[in-house]
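Letters go in sequence order (proteins before strands), and every chain restarts at 1.
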Amino acid sequence: MTDRYDPQEIETRWQRVWEDARAFEVPNPEPGQPAPETHWYQLEMLPYPSGNGMHMGHVLNYTMGDVVTHVRRRSGWSVLRPMGWDAFGLPAENAAIREGGHPREITERNIATIRTQMKRLGWAIDWDREVSSHDPDYYRWTQWLFLRFFEHDLAYRKEAPVNWCPNDQTVIANEYVVDGKCERCGAEVELRNMTQWFFRTTAYADELLEFELPEGGEWPERTKTIQRNWIGRSEGAEILFRVDELDLDLPVFTTRADTLFGATFFVVAPEHPFVAAHATEEAQVYARHAGARKSEDRAAETEKTGVFTGHYATNPVNGERLPIWVADYVLMDYGTGAIMAVPAHDERDREFAETFDLPIVEVVSEDGTLVNSDGFDGKPAAEGARAIVSKLEEQGRGKATVSYRLRDWSFSRQRYWGCPIPIIHCERCGVVPVPDDQLPVLLPDVEDYAPKGKPPLASNEEWMNVTCPSCGGPARRDADTMDTFVDSSWYFIRYVDPHNDELPFERRVVDYWMPVSQYIGGIDHATGHLLYSRFFVKALNDFGMLGFREPFSRLFHQGWVQMGGTKMSKTKGNVMGPDDIVAAYGADAMRTYILFMGPADQDMEWSDSGIEGISRFLRRLWRVVDELAEHPAGDPGDGPLVRKAHATISKVSDDVLRRFQFHTPISAVMELLNDLSAAPGDPGARFAAETAVSLIQPYAPHIAEELWQRLGHERLWEQPWPVADDRFLARETFELVVQVNGKLRDRFEVSVDLSEEELVARATASPKVQTQLDGKQIRKTIVVPRKLVNLVVG
RNA sequence: GCCGAAGUGGCGGAACUGGCAGACGCGCUGGACUCAAAAUCCAGUGGGCUCCGGCCCGUGUGGGUUCGAUUCCCACCUUCGGCACCA
């Protein structure tokens, strides 16, 4: 009689064993220690400590990382696998406003809850490296890094139109405005002119387009495309149009310099400074009205609108005076906010010209060559564009240039629960950085977290008033805090050297572990976190602080786990969370099922009956192995069970390590178990059982460890990963597939030693094939060695 | 509108390099065990036809390449994602 499988008991027991053994901690290299080739930095996006605890998406994400960690570790790699908390941010602050308490208390309570949940799932995490962005030991270095960006002019302050979320009462970055709405709360975003802090991400626009991945690195093509679209590089020219009567130049950006002779009017955006300075009253009224409208509405507008400004710009190629209009189809935040309008060759300009009855002059003919372009007629368009630009360049009226869609990252926030900006504003000295030795600038307490037209920190007078580090005079602190994406743009570097109190990290240690070998996280961060982190690493590389230019060598995006959108939640009342599943089926079933559900990069629908199936599989594994454990080990031989076991080793290893596919290995182990339970008396049964236990360990480490012990062994978590033996993979026979005209007609076992002629002879001799041949002539035979024979008859 | 990804049983999905479509699991059907149920075990399970030997059809639709196509090419349909008055 065997023991019953009790997941709760064995799981908590083995979790204690691993914790006591510090099983998953990994040391940093000593100075001078040569770097072994087999080290691996396994990283999944760090969680935000929400009050709802972990959701299924976290479970999927971290279990995937866990499987890779176990397989790599047991394959002899030194694996760094840390965890931490993206602890600053609005939800905790809003909860504090709503329910009282300090955001810190709320956050730390949530962290404690989630840490417990994580430990209950038995993930192989080096908890000694845990970091949290709200910890002064962490944000001290966020501030320190900010100061380096500031010194290199990559962080700067300017007044600019920024996205203001009226609900969250703060500025948000372009990257987190979705369809004109705040990504977090869904409120309509307003444009406001404000003085804000920016990171000069645009300085790295071209480098961010290049994915300078190390050997073996790989990013999904999809993600690279999303980032490239976001950066939106387009090559063209900047051309100066003269406004003679005002003695000023208006620059335009165009990708179609070849159509310059077709420009018949000129348009500036409503927000363009030219309007307020020089336009007629009527034009100004229009501009104020149009500029106030949401960009979405502006885009949805079918009819073109605009007003003549009363001035003319001179086309530098032919001296023509073009009327300057103001119209809201021209956008201030792309190019120069002004365009030359070529209605013959631009759909929008044509609509505008038709609406306001402006001339249309064709300058590129059907065959793609220039016409009506004095001195350039007959040239192909691309060549014509180059020629026109170089002529203008000689005259100092134009130059080839590049325009980007990417904007600098505005990262100052008018809220409380974030990293304080280590800057002091002095009336005499201006913007003065807090000296490094005065870091961290601690986040002070305030009476009220709710923003009331000014950032909460500004209300703490005691904190705000300081002496200027430069002149010693009275000065004020910067009351904004940093976007939490600043915290998460470098957390993965801090993990490698988390206890360093001299520097954010030591280059030697960072260069040993990094870049991250495998990063796993949602694709929703494609243009945000993933872009910011690349910007940070490129800049830090230019500062000489680390020796690589990309943070993440390999990237993988997990799919979304949908929790019964329809029937389940209605009939059952509430949806099961990870805790419920662990309580009902155990962590091993939870972990195995979340990966068994389907390809990890696709969205999947949670199914309660699905986890029943996995639970059944684990119970069956338990029963079969536990019964076998009582029988002594003997010579396994080389029978079908042993060969199947080796084939399974090969399949599981290849799927996890090469294909990064996590659901098919479970199927493979199920097949092995099916074969095993069909032949319990087979001499290879014990070997098959040990193999199944060893291979399932990355997925279901607790039951595997327990069964491994019952099989008479120890410490499975550090046992070498099994290696398939070619001798057992090699076959003496194979199943020959016989086709007639490409259709399957017969199959039977034959020796691998047969020649092609012999294979054809066997195939032709088959009675089933004979029926099909029916006296017809064989016109052609195709033989695929070790696979099939196809007889073509006619 | 432009760019990209994906469409396979009742369901999740497998088939990796052009070579047996539907592995594995869920669900369902029948049976065993049981007073009964749960659990477990056994058998079956793409559709149609069948003289029970088999035969035909079948991977979104239509074409093509090939001895052979879920896989490659072209067109279309649908779904999802990114960008979008970006000059």
Side-chain angles (χ1 to χ4, degrees), chain A residues 4 220-234 236 252-257 259 263 267 269 295-296 298-302 304 327-331 333-342 345-349 351-352 403-405 523-524 526-527 593 596-599 601-614 616-617 619-620 623 651 654-655 658-659 661 663-674 677-678 735-747 767-768 771-772 779-784 786-794:
Chain A
R4 206 174 60 86
E221 212 46 56
R222 195 166 45 132
T223 316
K224 291 199 271 190
T225 304
I226 291 172
Q227 289 203 353
R228 288 192 188 110
N229 287 345
W230 185 259
I231 294 164
R233 182 184 209 269
S234 54
V252 301
F253 173 76
T254 181
T255 55
R256 295 294 307 274
T259 64
V267 191
S295 57
E296 230 184 330
R298 271 168 70 165
E301 191 67 62
T302 44
K304 290 274 180 288
D328 68 359
Y329 82 94
V330 173
L331 308 174
D333 61 2
Y334 183 76
T336 63
I339 63 156
M340 60 170 206
V342 185
H345 302 291
D346 183 282
E347 209 179 310
R348 298 149 299 174
D349 295 346
E351 270 179 55
F352 194 84
S403 189
Y404 299 91
R405 201 188 154 279
I523 195 169
D524 47 323
T527 58
Y593 180 59
F596 185 66
M597 283 174 74
D601 57 353
Q602 284 173 32
D603 292 354
M604 48 197 101
E605 183 73 33
W606 177 266
S607 146
D608 284 355
S609 54
I611 192 152
E612 290 279 358
I614 286 295
R616 251 193 303 263
F617 160 66
R619 288 197 302 268
R620 203 149 67 92
R623 204 173 54 242
K651 163 91 181 151
D654 189 56
D655 279 356
R658 184 179 64 85
R659 298 179 71 201
Q661 182 165 291
H663 60 314
T664 44
I666 302 170
S667 299
V669 176
M670 285 174 170
E671 281 187 54
L672 178 58
L673 180 63
N674 289 347
S677 49
E735 194 175 45
L736 179 69
V737 170
V738 184
Q739 297 178 334
V740 177
N741 286 341
K743 285 191 176 169
L744 174 75
R745 293 303 173 188
D746 200 6
R747 47 192 175 192
K768 289 176 183 173
T771 323
Q772 291 297 322
R779 292 212 302 225
K780 194 173 176 184
T781 58
I782 283 103
V783 180
V784 182
R786 296 192 172 212
K787 276 210 177 98
L788 63 78
V789 170
N790 187 13
L791 304 170
V792 186
V793 301

Which nucleotide, [options], lies nearest any side-chain atom of [X]?
X        : options             : answer
A/Thr225 : B/A87, B/G54, B/C3  : B/C3
A/His663 : B/C67, B/G19, B/G13 : B/G13
A/Pro599 : B/A87, B/G19, B/G13 : B/G13

Quick one: label [X] by what it contacts on the DNA or RNA (base, sugar-phosphate, nothing), any heavy atom closer than 4.0 Å.
X        : result
A/Arg659 : base
A/Val792 : sugar-phosphate
A/Arg233 : nothing
A/Gln739 : base
A/Lys651 : base

- Has the side chain of A/Asn229 got a donor or acceptor atom sitting under 3.5 Å from an opposite partner on the base of B/C83? no
- Message: Base of B/C83, side chain of A/Arg405 - is there a donor-acceptor contact under 3.5 Å?
- Response: no
- First of A/Trp230 and A/Gly613 reached from the 5' end of RNA chain B, by closest nucleotide: A/Gly613
- Message: If the glycosidic angle sits within 90 degrees of zero it is syn, else anti. Tell me which applies to B/G48.
- Response: anti
- For B/G53, does the O4'-C1'-N9-C4 (purine) or O4'-C1'-N1-C2 (pyrimidine) torsion place it in syn, i.e. within 90° of 0, or in anti? syn
[atom1] of [X] versus [atom2] of [N]: gap in Å, rounded?
X        : N     : atom1 : atom2 : result
A/Arg228 : B/C2  : CZ    : P     : 21 Å
A/Asp524 : B/C83 : CG    : P     : 12 Å
A/Glu612 : B/C11 : CD    : C1'   : 16 Å

With a 4.0 Å cutoff (strictly under), does any side-chain N or O of [X] reach OP1 or OP2 of [N]?
X        : N     : result
A/Lys743 : B/G58 : no
A/Gln602 : B/G7  : no
A/Lys787 : B/G19 : no
A/Arg619 : B/U40 : yes

- Query: According to the Watson-Crick and G-U wobble definition with distances under 3.5 Å, which dot-bracket string, read 5' to 3', encodes RNA chain B, using [ ] for crossing pairs and | for pairs with another strand?
  - Reply: (((((((..(((......[....)))((((((.......))))))((((....))))..(((((..]....))))))))))))....
- A/Arg228/A/Glu221 salt bridge by N-O under 4.0 Å criterion: yes
- For the residue pair A/Arg620 and A/Ser677, what are the closest heavy atoms and their distance? NH1-OG, 3.2 Å
